[in-house]
Number of protein chains: 2
Amino acid sequence: MSKIKIGIIGYGNLGRGVQLAVKQNPDMELVGVFTRRDPSTVEVNDASVGVYLVEDVKDFQDKIDVMILCGGSAKDLPEQTPEIAQTFHTVDSFDTHALIPEFFDKVDKVAKASNKISVISVGWDPGLFSLNRLLGEVVLPEGNTYTFWGDGLSQGHSDAVRRIEGVKNAVQYTLPVKEAVERVRSGEHPTLSTREKHTRECYVVLEDGASKEQVEQQIITMPNYFADYDTTVHFITAEELQQNHSGMPHGGFVIRSGESGTHEKQLMEFSLKLESNPNFTSSVLVAYARAAYRLGQSGQSGAKTAFDIPLGLLSPKSAEQLRTELL
Amino acid sequence: MSKIKIGIIGYGNLGRGVQLAVKQNPDMELVGVFTRRDPSTVEVNDASVGVYLVEDVKDFQDKIDVMILCGGSAKDLPEQTPEIAQTFHTVDSFDTHALIPEFFDKVDKVAKASNKISVISVGWDPGLFSLNRLLGEVVLPEGNTYTFWGDGLSQGHSDAVRRIEGVKNAVQYTLPVKEAVERVRSGEHPTLSTREKHTRECYVVLEDGASKEQVEQQIITMPNYFADYDTTVHFITAEELQQNHSGMPHGGFVIRSGESGTHEKQLMEFSLKLESNPNFTSSVLVAYARAAYRLGQSGQSGAKTAFDIPLGLLSPKSAEQLRTELL
């Protein structure tokens, strides 16, 4: 059987993760990596994988089935997904929640016109967590859903700390508040403020001569990012940062706490504990690339989210095999 | 908007649960309960719900959209689902795992011929647990899946104990072995025997004059049911049984422990903690009744499992609303 031919657009943490994930799926092969950089400067450590300029993507119209878009949600994907969906089935992890409806409509128009499938906003949140939020409220319509994130490294918050004057390097971890999680798990339905749900911890390497007090003050009072949270700032050396804080762990929980007809407490929980956030997101993207390909083969087109796709299409196994082995 | 009209076939724990669950879903209404008993002896505590003989079900062809089949998997469903699918969309919780492929094929043929949708084998296992077993292996192809059940009351095992001579009444609880669960959660990939995964606890009320030793011996050596497990037998009074063991709690975990491309440990877990097993299963059946109705409206037909149905169809919300609120 011929393999599903995959292309990667954007070769950062996510793109490298997709390359690794494709290797774990024998029914797929990676054909090329597309970049805005000079291709000769991008090392993919695999002689069978070409590196090309993203402008040349249309030359691969007959050589690639699904393009996995690994750029950022702020600037890359809003332009790239509609552009690439003119020629290929696409999968992306667009995660700016507030802009998803607008993004969906734009991509849907393009993909319907080009007769392609564009799976948008898959990963773990949005993605697997969204599926569990949905399952929770349909199965337990009387109840509350709680999403907690962490323990995990937040890229956006780490960047915000790094932009402060006097900070040489920094990472930020988001931690769910254990007491809040336990209250929810016990079947209470607490109303939790932002501060009561998560705390933040920063590990900061200072520039020579910078003031700890000033940097700490700037962090903990930063609007949107830190002011609404209890934040702890640790000052460490560049060596400690390198040694203990180079990973990209993350995770979290979606908990639905509800009541069935005669007031029995019913609790559903989905949780992730990830040593590598980007490699997990990449694995989800690759599974949805298989679904995109199959939906395309069946003659469908347009934008799709995780809510629109039967989970059976994510698996290389046939429907018969799934019923026998997994149901 | 007109409501989805539901019928219930079989009015035991599951049927009563469906009646309660329909009340939690304002887009649905329960039209009738169908029974093999004399309808005048079945009390549904709702003047708007008629009780009818199951033989008269065809009179309701234009009055009911989806029939939810609440009979048992051993004797009722293998006959009822193919029979009822000739006239109505159906949903059932057929849970004899080994016979699912054969059951699917039989129901599929009937439902395709009658242009109806038959959603088979939904509930939590098979059902939500199956979805999570599938998600685990598609997202983390290199890894192992572990399903644990409990703490929970097992109806089949309770019945087996009750059939022993000298036993007046009994309940049996299945408990996951905590150490095994913790080993899996820690990222180990243990090979676990049946005995290492679950223990069993029986609470038994003896007939007057029955021998504790003999009954205990018969329980713990019973093939298939108990011989492969560490089983503890507690003898209690009828009053204690009534007071402390009348509920039907259950639950469990599906854990996928895998590795992504550069050997990071990645852990996915789905868990349920249910005070009422039948009422939860009923809630899942009702959500899939909505999906069955919508699939039928869109012109599809045939048998479907949880793997074949986009989760968005379970929700009363529109696709736009789901993208805005839950993605």
Side-chain angles (χ1 to χ4, degrees), chain A residues 17 19-21 23-25 97 100-101 104 121 126 128 130-135 137-142 185 247 251 260-262 264-276 279-280 282-284 287 290 305-312 314-316 319-320 322-324 326-327, chain B residues 17 19-21 23-25 97 100-101 104 121 126 128 130-135 137-142 185 247 251 260-262 264-276 279-280 282-284 287 290 305-312 314-316 319-320 322-324 326-327:
Chain A
Q19 181 183 15
L20 294 163
K23 282 198 187 134
Q24 294 187 325
N25 289 279
H97 288 261
I100 285 175
F104 179 92
S121 302
L128 306 190
S130 319
L131 290 177
N132 280 279
R133 284 189 285 264
L134 185 145
L135 269 181
E137 69 171 47
V138 298
V139 172
L140 298 169
E142 295 178 8
R185 281 193 186 134
S260 50
T262 33
E264 302 87 359
K265 286 184 184 175
Q266 314 275 37
L267 205 76
M268 288 175 62
E269 177 169 341
F270 179 76
S271 67
L272 292 172
K273 200 173 163 191
L274 309 174
E275 281 188 1
S276 169
N279 282 1
F280 188 80
S282 302
S283 295
V284 178
R290 182 181 292 115
T305 73
F307 297 147
D308 306 315
I309 300 176
L311 294 186
L314 302 179
S315 170
E320 293 74 22
L322 291 176
R323 286 194 291 273
T324 306
L326 292 179
L327 202 62
Chain B
Q19 181 183 16
L20 293 163
K23 283 198 186 134
Q24 293 186 326
N25 288 278
H97 289 260
I100 285 175
F104 180 93
S121 302
L128 306 190
S130 319
L131 290 176
N132 280 279
R133 284 189 285 263
L134 185 146
L135 268 180
E137 69 171 45
V138 299
V139 172
L140 298 169
E142 296 179 8
R185 282 195 185 131
S260 51
T262 33
E264 302 87 0
K265 286 183 185 175
Q266 314 274 37
L267 204 76
M268 289 176 60
E269 177 170 342
F270 178 75
S271 67
L272 292 173
K273 202 175 162 191
L274 309 174
E275 282 188 0
S276 169
N279 283 1
F280 188 81
S282 301
S283 294
V284 178
R290 183 181 291 115
T305 73
F307 297 147
D308 306 315
I309 299 177
L311 294 186
L314 303 179
S315 171
E320 294 75 21
L322 291 176
R323 286 194 290 273
T324 307
L326 291 179
L327 204 62

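Lettering of chains follows the sequences in order, A, B, ..., and the numbering in each one begins at 1. Quantities reported herein were computed from a predicted structural model and do not represent experimental measurements.
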message = I'd like to know which of B:Ala287, B:Ala319, B:Ser276, B:Pro316 tops the heavy-atom pair count under 4.5 Å against chain A.
response = B:Ser276

inquiry  = How long is the straight-line distance from NE2 of A:His97 back to OG1 of B:Thr324, given to the nearest 0.5 Å?
reply    = 12.5 Å

query = What part of B:Asn279 gets closer than 4.5 Å to chain A, counting heavy atoms only: side chain, backbone, both or neither?
reply = both

ask   = If we only count heavy atoms from C-beta on, is the B:Leu326 to A:Glu137 side-chain gap below 4.5 Å?
value = yes

ask   = If you tally heavy-atom pairs under 4.5 Å against chain B, which of A:Val139, A:Leu135, A:Leu327 wins?
value = A:Leu327

inquiry  = At a heavy-atom distance under 4.5 Å, which candidate from B:Leu140, B:Leu20, B:Val284, B:Leu267 has the highest pair count against chain A?
reply    = B:Leu267

key: Contacting region of B:Gln19 [heavy-atom separation from chain A under 4.5 Å]   = neither

Option in B:Leu128, B:Leu134, B:Ile309 with maximal non-hydrogen atom pairs under 4.5 Å from chain A = B:Leu134

task = Flag the pair B:Phe280 / A:Glu264 as yes when at least one side-chain heavy-atom distance between them is below 4.5 Å, and no otherwise.
result = no

key: For A:Asn132, all residues meeting side-chain hydrogen bond (donor to acceptor under 3.5 Å, both in side chains), sequence neighbours excluded   = none

ask   = Is a side-chain N or O of A:Glu269 found less than 3.5 angstrom from the main chain of B:Phe270, in a donor-acceptor match?
value = no

note = If you tally heavy-atom pairs under 4.5 Å between each of A:Arg290, A:Arg133, A:Arg185 and chain B, the highest tally belongs to A:Arg133

remark   = Of A:Leu131, A:Leu274, A:Asp308, the largest count of non-hydrogen pairs under 4.5 angstrom with chain B goes to A:Leu274

Under 4.5 Å from a heavy atom of chain A, the part of B:Phe104 involved = side chain

query = So which part of B:Gln24 gets closer than 4.5 Å to some heavy atom of chain A, the side chain, the backbone, both or neither?
reply = both

key: Residue B:Thr305 versus chain A: region with a heavy atom under 4.5 Å   = side chain

request  = Look at B:Ala306, B:Gly17, B:Ser282, B:Ser271 and state which one has the largest set of heavy-atom pairs under 4.5 Å with chain A.
outcome  = B:Ser271

key: Region of A:Glu320 that comes under 4.5 Å of a non-hydrogen atom in chain B   = neither

task = Check each atom of B:Thr262 against the heavy atoms of chain A and say whether the ones under 4.5 Å are side chain, backbone, both or neither.
result = both

remark   = The interface call for B:Ile100 against chain A, heavy-atom contacts under 4.5 Å, is side chain

task = Might you point out which heavy atoms bring A:Phe307 and B:Pro310 nearest each other, and give the distance in Å?
result = O-CB, 3.5 Å

task = Identify which of B:Ser283, B:Ser260, B:Gly247, B:Ser315 forms the greatest number of heavy-atom pairs closer than 4.5 Å to chain A.
result = B:Ser260

